[in-house]
Amino acid sequence: MSDEGLDGEGAGRASRRTVLAMGAIAASTVVTIRPAFAQAAGSVMNCQIPIPAPEAGAQNIAADGSLVAPGTPGSFPPAPRPITGEEAKALLNSGMSPPGMDGQQAQAYANYIRRLQAGTSGFTCYASLQMPR
Amino acid sequence: MSARSLVQVLSGGVLPHEATGWNALIAVARAELLLGSLAFRLEGAAVPAKVAAIFADARAQADQGHVAALWEAEMARRALAAVDCPVILLKGTAYAAAGLQAGMGRSIGDLDILVPRDRLDEVEAALLRADWEWVKPDPYDDAYYRRWMHELPPLIHKARDRMIDVHHTILPLTARVKPDSGGLIADSIALGNGLRILSREDMIVHAAAHLLADGDLAGGLRNLWDIHCLRAEFGSEAGSSLRLQARADRHGLGSQVARAIRLSDQLYGAGTEWLNSADPLVVRRLLARDGWAREIRPATRLGFYVRSHWLRMPPAMLARHLWAKARR
Amino acid sequence: MGFRIGSDWGQPIAVVERLYAGYPKPDDGIADFTVRLEAGRPWRRFVRPSVAIRGDFILPDAAPVTLAHGLLAAEMGMNLQMALGYRRHLLLHAASVERGGRAILMTGLSGAGKSTLAMLLGEVGWRLLGDEFALLDLESGLLHPFPRAISLKNEAIALARATNRLGPLLENTPRGNIRHLCPNRDAVARMDEPAKPVLILFPRFGHVEAVRPVGSAEVFMRLTQASTNYVALGRQGFDALTRLVTTVSAKAIDYANTAGGLALVERLSSEAQ
Amino acid sequence: MAGRVYTADPSQERTAVPLESLVAVYHARSGMTHLLAPPASEILEALGQGPGDADAILARLEAQYEMTGSGFREAISARLEELEASGLVQAK
């Protein structure tokens with residue numbers, strides 16, 4: 001079973017040999033299927049992203065989305081309410097600020113969302129917005 | 001009280017005889033992460049067809065979960081091969097790898113491994129080279145973990161999205177008892193695939209430590225089921241309970257192990273052991289779920305939350321830790 | 001498949017019961033999943049009541065729903081249990097319809113129009129198998145019906161003709177206005193009757209009409225990402241999905257309006273093997 | 001110089017289904033599915049003859065295929081690293 005599908009087998013010994021293109025060194029040739037439950041779960045739910053995550057404590061958000069101490073110049077206070085999945089989608093895809101937030105502040109939040117990692121509040125929501133289907 | 005019904009069915013008691021009872025049993029088993037264990041325990045029993053289908057799904061899910069968990073252990077082994085230190089599997093992965101009854105149907109989340117403390121830096125570097133990364137770069141957490149905990153801050157694998165907890169002992173350094181971590185490693189057992197597991201006694205000691213000294217009792221029913229299964233499997237060997245108690249004493253965990261054994265007997269075994277005065281409160285907390293799997297008695301839970309923290313670290317640090325948490 | 005829904009309020013339960021009045025009761029009363037609709041905080045039962053969606057499986061980032069949208073909360077709660085907990089079949093986030101024993105699977109981004117197409121097809125001689133999830137049998141390769149209420153959004157609401165099967169209008173939800181349409185009697189009566197998939201479509205609404213064949217590798221990749229349990233099913237999932245994508249043809253279709261979309265689906269289905 | 005020597009799990013650990021120019025591989029040991037593009041699938045296949053380094057793989061591929069492109073050895077090494085990260089092969 002595992003030998004099927006590789007056009008080399010048998011054909012290699014035939015008179016006309018199969019061509020194998022080696023491709024560029026940097027080209028990726030192995031893609032692993034990842035679980036997609038977050039994407040699909042997000043598509044059946046409304047989700048929200050608290051900024052910052054409650055577990056991060058009382059911190060401000062810098063323009064690049066990183067967390068900084070309150071009062072850091074150029075940083076923005078926590079979002080007054082969680083950003084909904086729909087708002088996050090509009091913000092990330094077309095730069096549209098959620099209601100009640102100004103442009104620079106919203107961009108800092110957008111960068112925060114882009115930096116979310118697994119295990120952080122809001123990550124499954126962010127992941128659910130990612131996968132084009 | 002439906003958690004009680006789960007415990008009774010797991011220990012061989014009568015099965016529910018109507019739908020309400022089954023619905024409650026299944027919901028509570030899911031909430032306590034014991035549905036897979038329950039499904040294996042009742043494999044072949046006369047249950048309604050719908051229940052049999054749910055159990056078959058649960059067994060298949062547990063089996064596939066074990067494939068993924070054992071694979072994660074194998075990938076950790078490959079990543080750490082160059083470090084050349086003993087790598088000891090803990091908890092669910094260890095039970096599954098060793099084919100123990102405690103592993104039957106058990107859900108397995110993160111990969112937990114134990115390595116010698118003086119090799120921790122090399123282990124960390126090797127994992128980072130093999131595409132594990134820090135879960136959260138929070139300076140407080142990081143400093144806290146490194147200084148006080150019994151493990152590295154959790155790492156997650158970039159491609160496989162699975163977490164690894166790298167332990168160097170089985171209790172936080174802040175706990176008043178100091179387990180003999182050298183003994184844990186010296187007496188560990190090779191599995192023949194390049195990985196190791198704790199000795200039988202240490203496995204039970206670790207499960208007990210995890211239950212009573214290192215948590216707020218959340219997930220305690222599963223933890224006690226682990227202990228019950230481990231003892232049932234190991235206990236037939238003459239003198240084992242004496243050996244177990246001696247081993248527990250050596251780690252400074254004699255009373256925790258004794259209590260875990262009392263509780264597991266009370267819940268899953270003959271139930272004849274005399275209960276210490278604090279035990280009923282623990283049992284009450286462990287069984288605090290109704291037929292909709294809702295957590296009941298929040299006051300009890302809150303009490304235990306504080307208590308578990310008190311056991312984790314000396315009081316002055318407790319205050320600091322709570323204060324840092326409260327600011328979040 | 002059965003769900004047990006508990007709620008801190010009577011309203012969501014009453015609306016669910018009304019919408020699904022024509023559905024058979026589970027014969028043995030044993031639920032596959034439990035859903036709980038709870039007040040996130042005790043006072044939220046009374047003050048600006050908001051419904052937290054809980055149950056056997058929960059999503060940590062789930063946004064609470066206002067009590068006025070209790071039906072939505074119940075539907076989301078059930079969908080969430082399926083998405084996170086279901087293992088009996090390969091679960092695809094797709095709509096599906098059947099006629100003459102031949103089924104069409106439609107999957108795509110939310111908003112691509114699959115629900116609307118499935119709803120309209122379901123009213124013109126096709127049997128609705130499901131609007132949100134398609135269940136692919138791991139052994140037989142057949143699609144099992146899962147005919148729950150179709151969630152119609154915004155402009156699509158006006159397209160529903162069978163007003164006696166509509167649930168309440170839920171205004172200003174996070175996804176706009178939503179109204180649920182209960183599938184017709186045929187879809188409900190034959191919910192135990194599976195069908196063989198013969199065509200996979202990736203519809204896209206609001207574009208100039210176009211049809212593009214989609215190769216098996218792309219279909220495979222897209223369906224793994226449209227499935228919540230593909231990875232969890234292991235070898236069985238792999239076998240079922242590779243069989244589906246190597247035996248059933250797939251097309252990406254763009255359509256400008258619903259009439260054009262319906263005509264396109266009819267044409268492609270008559271051409272499919 | 002001799003490169004790192006790689007081995008593949010026995011072929012019964014894998015199920016492969018061709019999907020046009022790609023191959024979908026189910027790896028029973030990990031429970032994971034990988035989609036392989038050429039030449040990764042051919043390299044995996046070549047390892048079926050036994051462990052080998054990039055040079056050995058190159059020789060096996062040259063015996064079977066008309067190779068096109070350039071920098072074969074480097075390309076093979078890069079593919080082996082990808083396969084190693086996926087767990088389908090391991091370095092000995």
Side-chain angles (χ1 to χ4, degrees), chain A residues 1-45 47 85 89 92-93 113-120 122-133, chain D residues 8-28 30-46 48 58 60-89:
Chain A
M1 197 62 185
S2 68
D3 292 340
E4 287 172 17
L6 300 183
D7 46 6
E9 199 199 12
R13 285 181 287 278
S15 55
R16 208 159 47 105
R17 300 205 308 162
T18 311
V19 171
L20 179 62
M22 289 309 283
I25 291 171
S28 177
T29 59
V30 180
V31 174
T32 299
I33 306 296
R34 296 167 80 135
F37 68 88
Q39 287 80 4
S43 66
V44 301
M45 295 291 288
C47 62
K89 200 189 286 180
L92 296 174
N93 294 343
I113 293 170
R114 290 193 186 97
R115 296 165 75 120
L116 277 173
Q117 287 180 303
T120 313
F123 177 78
T124 56
C125 189
Y126 171 54
S128 75
L129 308 174
Q130 289 302 296
M131 184 59 63
R133 269 209 313 275
Chain D
D9 275 352
S11 63
Q12 61 266 25
E13 288 283 343
R14 301 190 301 272
T15 308
V17 173
L19 300 175
E20 303 161 301
S21 59
L22 307 183
V23 183
V25 175
Y26 180 72
H27 183 212
S30 64
M32 298 201 293
T33 301
H34 310 280
L35 273 179
L36 305 188
S41 42
E42 286 78 3
I43 290 171
L44 184 59
E45 203 56 31
L58 178 56
R60 291 173 200 176
L61 292 176
E62 279 178 329
Q64 206 175 355
Y65 297 99
E66 194 67 54
M67 315 261 292
T68 64
S70 60
F72 293 162
R73 198 181 175 286
E74 291 70 25
I76 290 170
S77 296
R79 301 294 78 80
L80 283 166
E81 278 177 25
E82 274 191 279
L83 288 166
E84 184 188 13
S86 76
L88 286 168
V89 310

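The figures that follow rest on heavy atoms only: side chains count, while hydrogens, waters and symmetry mates do not. Each chain gets a letter, A, B and so on, in the order the sequences are listed, and its residues count up from 1.
Annotation: the span from D:T33 atom OG1 to A:R34 atom CZ amounts to 14.0 Å, rounded to 0.5 Å. From A:L20, atom CG reaches atom CE of D:M67 across 5.5 Å, with rounding to the nearest 0.5 Å. With rounding to the nearest 0.5 Å, the separation of CD1 in A:I25 from CD in D:E74 is 5.5 Å. For the atom pair CD (D:Q64) and OG1 (A:T18), the distance works out to 7.5 Å, reported to the nearest 0.5 Å.
One side chain, D:E82 or A:T29, offers a donor N or O that lies under 3.5 Å from an acceptor on the other.
For chain A, the nearby part of D:E62 is the backbone; its heavy atoms alone come within less than 4.5 Å. For a residue to count as touching a neighbouring chain, one of its non-hydrogen atoms must lie under 4.5 Å from one of that chain's; by this rule D:L61 touches chain A with the side chain only. In this structure, chain A has heavy atoms under 4.5 Å from both the backbone and the side chain of D:A37.
Here the side chain of A:R17 pairs a donor or acceptor atom with the backbone of D:A63 at under 3.5 angstrom.
Contact of the D:I76 side chain with the A:M22 side chain is registered, since non-hydrogen atoms from C-beta on lie closer than 4.5 Å.
For D:S86, there are no side-chain hydrogen bond (donor to acceptor under 3.5 Å, both in side chains) partners two or more places apart in sequence or in a different chain. Residues satisfying the side-chain hydrogen bond (donor to acceptor under 3.5 Å, both in side chains) criterion with A:R114, sequence neighbours excluded, are A:N111.
The greatest number of non-hydrogen atom pairs below 4.5 Å with chain A, out of D:A24, D:P38, D:A85, D:P39, is found for D:P39. Between chain A and the options D:H34, D:E13, D:H27, the largest number of non-hydrogen pairs under 4.5 Å is found for D:H34.
The minimum heavy-atom distance between A:G23 and D:A75, with the atom names listed, is O-CB, 4.4 Å.
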